[in-house]
K.L.:
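The structure that follows is given in the form of structure tokens.
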2 protein chains.
Amino acid sequence: MEQLVADIFARDCTSRPTLEAVAGKWGILALAALHDGSFRFNALRRKVDGVSEKMLSQTLQTLERDGMVLRDVQATIPPRVEYSLTPLGHKVAEKLVDLIELVESEMPQVHEAQSRYDAS
Amino acid sequence: MEQLVADIFARDCTSRPTLEAVAGKWGILALAALHDGSFRFNALRRKVDGVSEKMLSQTLQTLERDGMVLRDVQATIPPRVEYSLTPLGHKVAEKLVDLIELVESEMPQVHEAQSRYDAS
DNA sequence: ACTAGCGCTTTCTAAAAGTTAGTGTAATTC
DNA sequence: GAATTACACTAACTTTTAGAAAGCGCTAGT
């Protein structure tokens with residue numbers, strides 16, 4: 001009865017949680033940042049303005065588990081943990097960066113649409 | 001003092017809510033479904049298995065406001081509301097479909113990674 | 001009368017996000 | 001010594017959002 005549904009529209013599709021993680025609020029930003037190079041925890045937190053330690057830690061954990069992110073721990077004092085993208089993570093991040101760039105470039109259109117909507 | 005920040009990494013960037021909407025759990029699925037053609041409300045709900053009326057309604061409202069989705073109301077009994085993508089929504093949906101297809105095709109890798117992670 | 005279709009909206013509960021404080025080691029400054 | 005800083009998280013509590021279920025009013029069919 002182990003059914004791996006490969007249809008994103010089906011509620012049981014196993015890719016749904018993964019898609020939610022990579023495209024989610026903090027996942028997309030973390031992956032986009034890591035697309036430009038590896039980061040240590042607090043550096044990544046400063047880059048992704050607005051994310052809490054908790055949400056970042058949680059997000060990175062999920063992304064690591066899904067095979068998108070590599071967590072390299074060095075036994076130093078103070079501790080040193082470096083995050084980077086796996087090859088898979090890199091492929092996904094490229095798509096995410098494309099999406100981000102498109103949305104950013106279309107924001108004037110979005111703002112117009114919002115004003116029109118709010119006036120109706 | 002009206003500062004439209006065009007950097008997705010900045011917490012005040014106006015594209016953040018829009019990105020969250022299109023890439024969010026239900027937004028991405030609704031846009032991907034609409035990429036294949038227009039749908040009436042309940043047809044869309046049946047297509048995107050697992051979404052509640054409430055979440056779908058809310059999602060479509062946000063997407064309409066952002067200019068991604070067109071809502072065509074016909075004054076019939078019973079009411080007939082048809083949702084379709086705007087040109088902007090179509091551009092965005094294409095990127096989303098790319099992402100979805102990539103993630104779907106890489107799920108065996110993801111599952112492997114998850115097993116490795118859970119065993120460590 | 002009851003059921004079904006339509007496209008939502010409202011009310012309540014459950015889950016997740018977010019805020020704040022905490023952990024332990026070491027180094028630096030007063 | 002005490003206080004502060006760096007590091008990478010984690011725990012406890014509060015707030016927000018998602019989700020579940022019921023509701024609305026109209027019509028048509030059984």
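Numbered from 1 within each chain, the chains take letters A, B, ... in sequence-line order.
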K.L.:
Mind jotting down which residue pairs meet the salt bridge (charged side-chain N to carboxylate O under 4.0 Å, His left out) criterion with at least one end in residues 106-119 of chain B? Sequence neighbours excluded, please.
P.N.:
A:Arg65-B:Asp118, A:Lys91-B:Glu106, B:Glu112-B:Arg116

K.L.:
Tell me, which of residues 33-47 of chain A have any heavy atom that sits under 4.0 Å from an atom in DNA chain D?
P.N.:
A:Arg40, A:Phe41, A:Asn42

K.L.:
Are the side chain of B:Ser38 and the backbone N or O of B:Leu34 linked by a donor-acceptor pair below 3.5 Å?
P.N.:
no

K.L.:
How many angstroms lie between atom CE of A:Met107 and atom CG of B:Leu19, to the nearest 0.5 angstrom?
P.N.:
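Output value for this atom pair is 9.5 Å.
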
K.L.:
Could you give all pairs that pass the salt bridge (charged side-chain N to carboxylate O under 4.0 Å, His left out) test and reach residues 30-54 of chain A, with sequence neighbours left out?
P.N.:
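Sorted pair list: A:Arg45-A:Glu53, A:Asp49-B:Arg11.
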
K.L.:
To the nearest Å, give me how far apart CD (A:Glu20) and P (D:dT17) are.
P.N.:
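Distance, rounded to whole Å: 18 Å.
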
K.L.:
State which of C:dG7, D:dC9, D:dT10 makes the closest approach to the side chain of A:Tyr83.
P.N.:
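From the listed options, D:dC9 comes nearest.
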
K.L.:
When every nucleotide of nucleotides 16-30 of chain C is labelled 5' to 3' by its protein contacts under 4.0 Å (heavy atoms), B for base, S for sugar-phosphate only, - for none, what sequence of letters results?
P.N.:
-BBB-B----S----

K.L.:
If you look only at distance, which donor and acceptor atoms sit under 3.5 Å apart when one is on a side chain in residues 66-75 of chain B and the other is two or more places apart or in another chain?
P.N.:
{"from": "B:Asp66", "atom 1": "OD1", "to": "A:Gln114", "atom 2": "NE2", "distance (Å)": "2.6"}
{"from": "B:Arg71", "atom 1": "NE", "to": "B:Tyr83", "atom 2": "OH", "distance (Å)": "3.2"}

K.L.:
Of all heavy-atom pairs between A:Glu104 and B:Ile8, which one has the smallest distance, and what is that distance?
P.N.:
OE2-N, 2.9 Å

K.L.:
Are OP1 or OP2 of C:dT9 and a side-chain N or O of B:Ser57 less than 4.0 angstrom apart?
P.N.:
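It does, given that an N or O in the side chain of B:Ser57 lies less than 4.0 Å from OP1 or OP2 of C:dT9.
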
K.L.:
So how far off straight is the helix from C:dA1-D:dT30 to C:dC30-D:dG1, going by the axes through five pairs at either end, to 10°?
P.N.:
30°

K.L.:
To the nearest 0.5 angstrom, please state how far the CD1 atom of A:Ile100 sits from the OG atom of A:Ser105.
P.N.:
12.0 Å

K.L.:
Return the CG to CE distance between B:Leu29 and B:Met55, rounded to the nearest 0.5 Å.
P.N.:
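It comes to 12.0 Å.
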
K.L.:
Atom CD of B:Glu82 to atom P of C:dG7: distance rounded to whole Å?
P.N.:
9 Å

K.L.:
What's the verdict on side chain to side chain contact (heavy atoms under 4.5 Å, CB included) for A:His90 and A:Thr86, showing C-alpha distance, side-chain angles and the deciding distance?
P.N.:
CA-CA 6 Å; A:His90 223 97; A:Thr86 62; over 6 Å; no

K.L.:
Calculate the interatomic distance between B:Arg80 atom CZ and D:dT27 atom P; express it in whole Å.
P.N.:
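Those two atoms, CZ and P, are 18 Å apart.
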
K.L.:
Strictly distance-based, threshold 3.5 Å: is any side-chain N or O of A:Arg16 a donor or acceptor partner for the main-chain N or O of A:Phe9?
P.N.:
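Yes, the answer is positive, given that a donor and an acceptor are paired below the 3.5 Å cut-off.
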
